**Student:** 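Here's a structure for you.
Here the structure is a predicted model, which means the values were calculated and not measured. Below, read A as the first sequence line, B as the second, and so on, with proteins coming before strands; counting in each chain starts at 1.
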Amino acid sequence: MIELDPVYDPKKYETKCWNAWMKGGYFHAPVDKSKKPFTILMPPPNVTSQLHMGHGTSYTVQDILVRWRRMQGFNALWLPGTDHAGIATQMMVEKAIQTEEGKTRQELGRPEFEKRLWAWKEKYGGMITEQFRRMGFSCDWERECFTMDQGPSKAVRAIFVDLYRAGLIYRGERLVNWDPALKTAISDDELEMKEVTGALYHIKYPLADDPATTITVATTRPETMLGDTAVAVHPDDERYQHLIGKKIKLPLVGREIPIIADDYVKSEFGTGAVKITPAHDPNDFEIGKRHKLPFINIMNADATMAANVPERFRGLDRFVARKEVIKALKELDLYEKDESTRHAVPHSERSKAVIEPRLSLQWFVRMKELAGPAIEVAQTGKLKFYPDAWKKTYLHWLENIQDWCISRQLWWGHRIPIWYCADCEGISTGLEDPTKCEHCGSAKIKQDEDVLDTWFSSWLWPISPFGWPENSEDLKYFYPTDVLVTASEIIFLWVARMVMVGLKTRGDVPFKDVYIAATVCDKQGRKFSKTLGNGIDPLEVIEKHGTDAIRWTGTALAPLGGRIRMEVGDFESGARFVNKIWNASRFLLKYVDPKKPLKKLVASELTLPEKWLLEELASASEHINKCLEQYRINEAVERMYHLIWGSFCDWGLEVAKETLNGADEKAKEQTISVLVYVLEGIMRLASPVMPFVTEEIWSHLPVHPQWERGPSLVVSSYPDAAKLMRFPEAAADWSSFQELVTGIRSIRSQAGVPPKDQLDAFSYSATTRQADLFKKETALVKRLAGLRELHVAVQGAQRKGPALVYVGKGFEVYIPAEGIMDVAKEVKRLSSEATRVEKIVAGLQAKLGNENFVSRAPEDVLASTKAQLENMAAQLASLQKNLASLQG
RNA sequence: GGGGGCAUAGCUCAGCUGGUUAGAGCGCCUGCCUUACAAGCAGGAUGUCCGCGGUUCGAAUCCGUGUGCCCCCACCA
C-alpha cells in the first residue's frame, strides 16, 4: 500500500519538484548532434516587467510544446531572456528619480543616469524570470540572455556596421514622429492612432498685394501656421485659378508665402485651400520638397514654441499657443469659424503624448531590400502562420514597408556605433571603438550621442544569443528554430524584422512556424490592461490554486488565435481537475504493494474493461500527439481531461473496484498492473501541461515493466500510439456494455427509483455475440446499475407485467416495476422517445429513397447510412411494440 | 478610407479537408455523504447552428448578400 496525502497541496510539492528538475539539469540543452534539436525562442519580456496573464497563457503554450518534444526525445531548447526595453525602462527610472530626488536625467548627467539605469536593472530586473520559474517554465536557464549583454551588444554593432557598409543604413534629415514628453524620435510602429473630436479652424489669409482679398484655409492645428511657407490648392480648382502664383502675407508673422498648385489637395475637403507647414506635417513635408519650399521648424524638443516665432507666442506650449493664435487672429478679424471634426491623431504608445512631426537628423534602415525575401518565404510556405490569416497582415505590412527610424534620443540602449570627425566631417564605424577617423586619421572623433531602437536588438534574437556574428556551433545546430509563439501586436515590430534579419544573415528563416497566441481579455471582451485594472494576477491564482491549475485552465480556454475571455473563477475548474487526478492516483495506490513487482501485460489474458482502457489510452495518445503537432493545444488538453476524468476515473476505476475489492488475487494483480500502466501513461501525457502534480504522483508509482524508468517524468518518453497495445474491437464491445449500464441507470432515475433499490432486469439482445458479452459482464452491470439480478437472453423479448424499458443499439432491457412505475409517465417518455426515433428513421429513409444520393454518395457513407437505418428502425419497432403493450 | 476576423445551449467557446441522432466546460433541474474525491457520483432539460439567397444527392461547415459586433492598418488638412 502506497499512501498519498488526502489533498494535493501545490505549495508543498511545487518547490520540491522544481528543485529536483534544476538539480537534474533536464532543461539544459547543449549541442548534441546525436539528437534532433527542437528550439523555441522565448519572446524576451521587458527586464523590469512583471508576470501577467498574457505570459501565463502564451508562454505556457511554449512550455507545453517544449516539454512534449523533450519527452519525444528531441534535444529541446527553450531559450529564455529579457529585453532592456529602452523607452519603457528609461521612463520608469526617470520617473523614480524625479519623485525621489526631484531631479531630471539632464541634471544628473548621462554617466550618472546610466549608472542608475543599471542599478535599477540589477534591482528590479529578473523578477519576471523568477516568476517564470514559478510557472514551471522549462527553459534552459543556463542560457538566459539579456539584450544588453556583451554578446548581443556585439551582434547589434555587427549588424549595424554590415548594413551601414552595405548602404542599407543611412542618416538623413527627415520628418520623424517626435515624442515631446520623452524628447525622442520613435518609429511608425510605436504610434497609437486615436480617433478624437477636434475642431477644424477656418482662417483667412490676406493677399500680399491686396489685403482686402483673402483665401480661407482650414486646419486642425492653427499654431503651426507660424511655420507656414505656402498655401496650396488643387491645380484644377475653378475657385482658385486666379490666385495661383500670387503671394500671401502670412498673418501674425508677416512672411510672404506663395499660393501653389498641387494635386494632393482635395478640393472638396474644407475650403479646398491648405496651409503648408513642411516642417510640421508629413504631407506638407512632401509638398515642401516638391515645390522647394523653406522648412521652418517652429518648435523646441518639448513642443513649446521656438525663438523664431513672434514674441507673443514664444515659449508657449503648443496647445496654449493654439488658443493664443486663435485669439490673435480674432483680434485681426482673420478668424472665420470652426467646425467640429473627427480625426485620427497619433499618440506615443509609451508616453501617451500627442506626437509632433518634427524635422530632425536621424538614422534609418532602408527596408525595401530586406523585405523582399521576407515576403517570399511567407508566400512559398517556408514560413507558416497559425492561424494562417495572420500571413495577410504580415504580407500587407511588408509590401507597404517604410524606412525604419532606428535612432532614439535616449540614454538607455545600445549606443550607435558611429563616430564623427571634427576635422574632416567623415564618419567612422566599426565593431570596436575606433581611435581615429578612418578618413583623415584625426583623433578628434566623437561617438554619436543617440542609442538604437530597442527592436534593433530584438530583431537579432534568433541569432545573437547563439553567438552571431561568429558562425558558432550553437548557431549551426539550433538555427533555424522551430516555432515562435507570440502576440499579434508585434508581428511588425518583431516577427517580420526577425525574418528579415535572419534571411539576411543566415540565408534562412529564423523559425518555420509562427503561432499567434490568443489575446487575454476580461469577460466583457476588453483586453487586460494596467490602466483599466481588469487583469488577473497569475501569482494570486498560483497562490490560490497552484501552478498546474493555472496552466491547465489557461490552455484549455485558449483556442488557436482569437481571444480568451477569462475571470478569476475559471481557475477553479483547473484546481478541481488537479485534485481529481490526485485523488484517483491516491485511490489506486492504496491497492499497490510496492514490494510486489507488477505484471507484464499479455493481450490474450486481458478482460474487456482492461482492453478498453488500454485502447482509450492509445487512441487518446494518438489524438493528443496529432493536436500538438498542429498547435491545437486546447483540443489536446480537452482530450486529456476526458481521458482522465471520463474514462479512467468514471469507468476505469469504477469498474475495477469489483476486482480490487474481490477475492481473486490473480485478477487483482492483473487489474492493478493495467491501471498502474495506464496511470503512468496518463501522467506522461499530461506532464507537459501539468508538470508538478504529475511528477509528484509519478514518483510514487511502482515501476511497470512496460515503461522505461528514468530519473524524472519530465525526461521520460511521451506515449506514442504506434507503440502501445491497441484493441479496437474492445472499444465496440465496450460501448454496448456502457449503453446497457447507462440505459438502465437512466430509466431507473427517470422513473424515480431510489438508488438503493435493487431491482431485476431482463435484457434481450439481437445477437448471441452481444448476449454472451452481457452474460460475461453480468457482475459488473449489476454493480454499476444497482441490480439484484440481470437476466440475459437472445431475442424473444417479452414483457411480463408492467416494466420500464430501455431500447438500445441491438438490445432492449426491461425492469419489472410493478407498484413503483407511473404508467402514464412511462407512456409519455416512450412516446416522445418514439417520436424522436421516428424522425431519424424518416430522415434516413428519405435519404436512401433519393436516387441521387444512392448513386452519388460514396460507398462508406451509403453503407453506414443503411446500417444506421436498420438499427434505428429496429429501435423504433421495439419502442412502438412496448408502447402498445403499455397502453393495451 | 483599406484589410482581416467573429456570429453555434443561459454564459465562454469546440466542431480541422461538406455526410454526427450538433458537442464541451461552467451554470441550471432531480436524486444520492456508494469505504479516492460533495472540489464528488448518477440522471436530466435547453439550440429557427444570426437573417436571406445560392452551389450540392447532402450545408453549422462552401459561395454571395444583409445585419450586428471586434481587431489591425491608413497623411484627408
**Student:** Tell me, which of residues 861-870 of chain A have any heavy atom that sits under 4.0 Å from an atom in RNA chain B?
**Tutor:**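 Contacts with RNA chain B under 4.0 Å: A:V861, A:Q868.
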**Student:** Classify the nucleic acid contact of A:D650 as base, sugar-phosphate or nothing, counting any heavy atom under 4.0 Å across all strands shown.
**Tutor:**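 Sugar-phosphate contact only.
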**Student:** Does a salt bridge link A:E629 with A:K626, judged by any charged N lying under 4.0 Å from a carboxylate O?
**Tutor:**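 So A:E629 does not pair with A:K626 through a salt bridge.
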**Student:** Whole-Å distance between B:rC16 C1' and A:R639 CZ?
**Tutor:**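 Value for this atom pair: 15 Å.
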**Student:** Rounding to an integer number of angstrom, what distance separates B:rG4 and B:rC63 when you compare their P atoms?
**Tutor:**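 B:rG4 and B:rC63 have their P atoms separated by 13 Å.
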**Student:** Given the P atoms of B:rG15 and B:rC50, what is the spacing between them in whole Å?
**Tutor:**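 Pairwise P distance, B:rG15 against B:rC50, rounds to 14 Å.
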**Student:** Separation of A:I276 atom CD1 from B:rC76 atom C1', in whole Å?
**Tutor:**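 That distance rounds to 12 Å.
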**Student:** Once hydrogens and angles are ignored, does a donor-acceptor distance under 3.5 Å link the base of B:rC76 to the side chain of A:K266?
**Tutor:**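 Between B:rC76 and A:K266, which were checked side chain against base, a qualifying N/O pair under 3.5 Å is absent.
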**Student:** A:F385 pairs by ring pair (Phe, Tyr, Trp, His ring centres under 6.0 Å) with which of A:Y631, A:W390, A:Y394, A:Y515?
**Tutor:**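 Among A:Y631, A:W390, A:Y394, A:Y515, the one meeting ring pair (Phe, Tyr, Trp, His ring centres under 6.0 Å) with A:F385 is A:Y394.
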**Student:** Hey, does the side-chain of A:R586 have a donor or acceptor N/O within less than 3.5 Å of a partner on the base of B:rC37?
**Tutor:**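 No, no donor-acceptor pair under 3.5 Å.
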**Student:** Roughly, in whole Å, what's the span from CD in A:E635 to C1' in B:rC13?
**Tutor:**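 Going from CD in A:E635 over to C1' in B:rC13 covers 12 Å.
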**Student:** Nearest whole Å is fine: how far is B:rC73 P from A:H396 NE2?
**Tutor:**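 In whole Å, B:rC73 P lies 11 Å from A:H396 NE2.
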**Student:** Would you call the rings of A:F587 and A:Y591 parallel, tilted or perpendicular, where under 30° means parallel and over 60° means perpendicular?
**Tutor:**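 Perpendicular: the ring planes of A:F587 and A:Y591 meet at over 60°.
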**Student:** Could you tell me how the ring of A:F492 sits relative to the ring of A:W397: parallel (under 30°), tilted (30 to 60°) or perpendicular (over 60°)?
**Tutor:**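 The rings of A:F492 and A:W397 lie parallel, inter-plane angle below 30°.
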**Student:** Scan side-chain atoms only and decide if A:R576 and A:N579 contain a donor-acceptor pair under the 3.5 Å cut-off.
**Tutor:**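 Note: A:R576 and A:N579 side chains miss the donor-acceptor criterion.
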**Student:** What distance, rounded to whole Å, do you find between the two C1' atoms, one in B:rA60 and one in B:rG51?
**Tutor:**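 That atom pair is separated by 15 Å.
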**Student:** Could you tell me whether the side chain of A:N283 has a donor or acceptor atom within less than 3.5 Å of a complementary atom in the base of B:rC75?
**Tutor:**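 When only heavy-atom distances are counted, A:N283 does reach the base of B:rC75 through a donor-acceptor pair under 3.5 Å.
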**Student:** Rounding to a whole Å, what distance do you find between A:E572:CD and B:rU12:P?
**Tutor:**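 Spelled out: CD on A:E572 to P on B:rU12 is 18 Å.
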**Student:** Say you pick atom C1' in B:rG3 and the same atom in B:rU46; how far apart are they, in whole Å?
**Tutor:**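 Going atom to atom, C1' in each nucleotide, I get 39 Å.
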**Student:** Are A:S187 and A:E190 linked by a side-chain donor-acceptor pair shorter than 3.5 Å?
**Tutor:**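 A pair is found: one side chain offers a donor N or O, the other an acceptor, under 3.5 Å apart.
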**Student:** Using a heavy-atom cut-off of 4.0 Å across all strands, would you classify A:T742 as base, sugar-phosphate, or nothing?
**Tutor:**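 Sugar-phosphate: the residue A:T742, judged by heavy atoms under 4.0 Å, touches backbone atoms but no base.
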**Student:** What integer number of Å spans the C1' atoms of B:rC52 and B:rC13?
**Tutor:**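 B:rC52 and B:rC13 have their C1' atoms separated by 26 Å.
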**Student:** May I have the distance from A:N400 (atom CG) to B:rG3 (atom P), rounded to whole angstrom?
**Tutor:**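 My rounded result for the distance is 12 Å.
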**Student:** With P as the reference atom in both, quote the distance from B:rG54 to B:rC11 in angstrom, rounded to an integer.
**Tutor:**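 Straight-line distance between the two P atoms is 31 Å.
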**Student:** Could you tell me whether A:E658 and A:K782 have a side-chain N and a carboxylate O separated by less than 4.0 Å?
**Tutor:**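 Salt bridge between A:E658 and A:K782, a charged N being under 4.0 Å from a carboxylate O: no.
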**Student:** Hey, does A:F492 reach any base, or is it just sugar-phosphate, or nothing, if we go heavy atoms under 4.0 Å?
**Tutor:**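 Touches sugar-phosphate only.
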**Student:** Can you tell me, in whole Å, how much space there is between the P of B:rC49 and that of B:rA9?
**Tutor:**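 Going atom to atom, P in each nucleotide, I get 9 Å.
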**Student:** Over all strands shown, is A:K657 touching base, sugar-phosphate only, or nothing at heavy-atom distances under 4.0 angstrom?
**Tutor:**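 Base, at least one base atom sits under 4.0 Å.
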**Student:** With rounding to whole Å, what would you report as the distance between B:rG47 and B:rC62 at their P atoms?
**Tutor:**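 One P to the other, the span is 24 Å.
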**Student:** To the nearest Å, give me how far apart NZ (A:K626) and P (B:rA14) are.
**Tutor:**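 Spelled out: NZ on A:K626 to P on B:rA14 is 19 Å.
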**Student:** A:I260 CD1 to B:rA77 P: how many Å, rounded?
**Tutor:**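 Rounded to whole Å, this separation is 18 Å.
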**Student:** By salt bridge (charged side-chain N to carboxylate O under 4.0 Å, His left out), which residues pair with A:K384, not counting sequence neighbours?
**Tutor:**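 Applying salt bridge (charged side-chain N to carboxylate O under 4.0 Å, His left out) to A:K384 gives none.
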**Student:** Under 4.0 angstrom, heavy atoms only, what part of the nucleic acid is A:P858 near: base, sugar-phosphate, or nothing?
**Tutor:**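 Base, at least one base atom sits under 4.0 Å.
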**Student:** Reading nucleotides 22-35 of chain B 5' to 3', which nucleotides get B (base under 4.0 Å from a protein heavy atom), which S (sugar-phosphate only), which -?
**Tutor:** --SSS----S-S--
**Student:** Identify all side-chain donor-acceptor contacts of residues 739-747 of chain A below 3.5 Å with residues at least two apart in sequence or on another chain.
**Tutor:**
unit_1: A:E739; atom_1: OE1; unit_2: A:K809; atom_2: N; d: 3.2
unit_1: A:E739; atom_1: OE2; unit_2: A:Y806; atom_2: OH; d: 2.9
unit_1: A:T742; atom_1: OG1; unit_2: A:Q738; atom_2: O; d: 3.0
unit_1: A:T742; atom_1: OG1; unit_2: A:E739; atom_2: O; d: 3.4
unit_1: A:R745; atom_1: NE; unit_2: A:L784; atom_2: O; d: 3.1
unit_1: A:R745; atom_1: NH2; unit_2: A:L784; atom_2: O; d: 3.4
unit_1: A:S746; atom_1: OG; unit_2: A:Q750; atom_2: NE2; d: 3.0

**Student:** Measure the CD1-OG1 distance between A:I215 and A:T271 for me, rounded to the nearest 0.5 Å.
**Tutor:**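 One finds 7.0 Å between CD1 of A:I215 and OG1 of A:T271.
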**Student:** Both A:D188 and A:Q875 contact RNA chain B. Which one's nearest nucleotide lies toward the 5' end?
**Tutor:**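 Looking at RNA chain B, the more 5' nearest nucleotide goes with A:Q875.
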**Student:** Return yes if a side-chain donor-acceptor contact under 3.5 Å exists between A:S267 and A:D237, otherwise no.
**Tutor:**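 A:S267 vs A:D237: donor-acceptor pair found between side chains.
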**Student:** Do nucleotides 4-9 of chain B as a string where each nucleotide becomes B, S or -: B if the base has a protein heavy atom under 4.0 Å, S if just the sugar-phosphate does, - if no protein is that close.
**Tutor:** S-----
**Student:** With sugar-phosphate meaning primed atoms plus P, OP1 and OP2, does A:R836 contact a base, only sugar-phosphate, or nothing at under 4.0 Å between heavy atoms?
**Tutor:**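 Base contact.
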**Student:** Between A:F295 and A:F285, how do the two ring planes meet: parallel, tilted or perpendicular, split at 30° and 60°?
**Tutor:**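 Perpendicular: the ring planes of A:F295 and A:F285 meet at over 60°.
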**Student:** Distance criterion of 3.5 Å, no angle test: do you see the side chain of A:E654 paired donor-to-acceptor with the base of B:rA36?
**Tutor:**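 Check passes, donor-acceptor contact within cut-off.
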**Student:** Report the secondary structure of RNA chain B in dot-bracket form, marking unpaired bases with a dot and bases paired to a different strand with |, and treating Watson-Crick or G-U pairs with both distances under 3.5 Å as paired.
**Tutor:** (((((((..((((.....[...)))).(((((.......))))).....(((((..]....))))))))))))....
